[in-house]
Amino acid sequence: MPILKIKKLNPNAKIPQYQSSGAAGFDLCAAKESVIPAGKWALIPTGLAFSIKKHYEIQVRPRSGLALNYGITILNTPGTIDSDYRGEIKVIVINLGEEDFTIKVGDRIAQAVLCKVKQAKFKEVKKLDETKRSQGGFGSTGK
């Protein structure tokens, strides 16, 4: 099991935890109170920085309960935290609901998943291999 080193940058920061033994994501909590007006977004600090081992990333994802109950989700989702980033983790939260939404210190605002990453080597070619789909784009495979 990989170990994530965490540094608190703010005394209000909460060390993440998994909410169940089978959870894929751990919770990220707000380190600052914020009000997000309906239809607007805000950058919410967590007060945490991570040391992520090479060949891993952390993906930041919305919390389903916030999305369903309040229309609160994450822009740039999934957000990627690269293994060489050591700054504060902040979450871009958008309020798609009809009322202003208050985030209090310690509220769980997002979930994060540690994922293995492989980097590719790039090779320019004159022609790509053919497939049945080929260049069929959006909606080309049906509903």
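Quick caveat, the model's predicted, so the values are computed rather than measured.
Going from atom SG of C29 over to atom CD of Q17 covers 7.5 Å, rounded to the nearest 0.5 Å. Between the OG1 atom of T73 and the CG atom of L66 there is a distance of 9.0 Å, given to the nearest 0.5 Å. Here the CD atom belonging to Q59 is positioned 8.5 Å from the OG1 atom belonging to T77, to the nearest 0.5 angstrom. Note that the NZ atom of K54 and the CD atom of Q119 stand 7.0 Å from one another [nearest 0.5 Å]. I109 contributes atom CD1, which lies 8.5 Å from atom OG of S34 (distance to the nearest 0.5 angstrom).
R63 and D27 are joined by a salt bridge, as a carboxylate oxygen and a charged side-chain nitrogen come within less than 4.0 angstrom of each other.
A heavy-atom distance below 4.5 Å is found between the side chains of L114 and P2. By the 4.5 Å heavy-atom criterion applied to side chains, N10 and L48 are not counted as neighbours. Residues I74 and V93 form a side-chain contact, since some pair of their non-hydrogen atoms from C-beta on lies under 4.5 Å apart. Side chains of R108 and Q19 form a contact here, defined as non-hydrogen atoms less than 4.5 Å apart. Looking only at side-chain heavy atoms (C-beta outward), S51 and R86 come within less than 4.5 Å of each other. Between S83 and F50, the closest side-chain pair of non-hydrogen atoms is not below 4.5 Å. Side-chain atoms of I81 and I52, non-hydrogen and from C-beta on, do get closer than 4.5 Å to each other. Side-chain atoms of V60 and P78, non-hydrogen and from C-beta on, never get closer than 4.5 Å to each other.
Criterion: ILVMFWY side-chain heavy atoms under 4.5 Å apart, direct or through other members. Under it, L96 and W41 are part of a common hydrophobic cluster. No continuous path of ILVMFWY side-chain contacts below 4.5 Å connects F101 to I92, so the two sit in separate hydrophobic clusters. If you chain together hydrophobic residues whose side chains sit under 4.5 Å apart, V35 and L43 never meet in one group. Residues Y85 and V91 share a single hydrophobic cluster, defined by chaining ILVMFWY side chains whose heavy atoms lie under 4.5 Å apart. A continuous path of Ile, Leu, Val, Met, Phe, Trp and Tyr side chains, each step under 4.5 Å between heavy atoms, connects Y18 with I89, placing both in one hydrophobic cluster.
Taking T80 as the reference, E57 meet the side chain to side chain donor-acceptor pair (under 3.5 Å) condition, with sequence neighbours excluded.
Around CD1 of I3, the count of heavy atoms belonging to other residues, nucleotides or ligands within 6.0 Å does not exceed 12. Other residues, nucleotides and ligands place no more than 12 heavy atoms under 6.0 Å from the NZ atom of K5.
Across all non-hydrogen atoms, the minimal contact from A49 to G87 is CB-O, 3.5 Å. The shortest non-hydrogen separation linking K104 to A30 is O-CB, 3.8 Å. Residue G47 comes nearest to A31 through the heavy atom pair N-CB, 3.7 Å, listed as atom of the first residue, atom of the second, then distance.
A donor-acceptor contact shorter than 3.5 Å links the side chain of N69 to the backbone of G65. Checking side-chain atoms of K90 against main-chain N and O of I44 turns up no donor-acceptor pair under 3.5 Å. At distances below 3.5 Å, at least one donor-acceptor pair connects side-chain atoms of Q111 with backbone N or O atoms of P62. Counting only distance, with no hydrogens or angles, the side chain of D82 and the backbone of D84 share no donor-acceptor pair below 3.5 Å.
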- Message: Is there a side chain to side chain contact (heavy atoms under 4.5 Å, CB included) between Y56 and L4? Walk through the geometry before answering.
- Response: CA-CA 10 Å; Y56 284 89; L4 277 174; over 6 Å; no
- Task: Apply side chain to side chain contact (heavy atoms under 4.5 Å, CB included) to the pair I15 and K8, showing each step before the final yes or no.
- Result: CA-CA 8 Å; I15 299 298; K8 275 187 161 186; 4.1 Å; yes
- Task: Decide yes or no on side chain to side chain contact (heavy atoms under 4.5 Å, CB included) for Y70 and L68, but give the supporting numbers first.
- Result: CA-CA 6 Å; Y70 305 101; L68 176 63; over 6 Å; no
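Results of the side chain to side chain contact (heavy atoms under 4.5 Å, CB included) test with I36 over I94, D100, N95 single out N95 as the only residue that passes.
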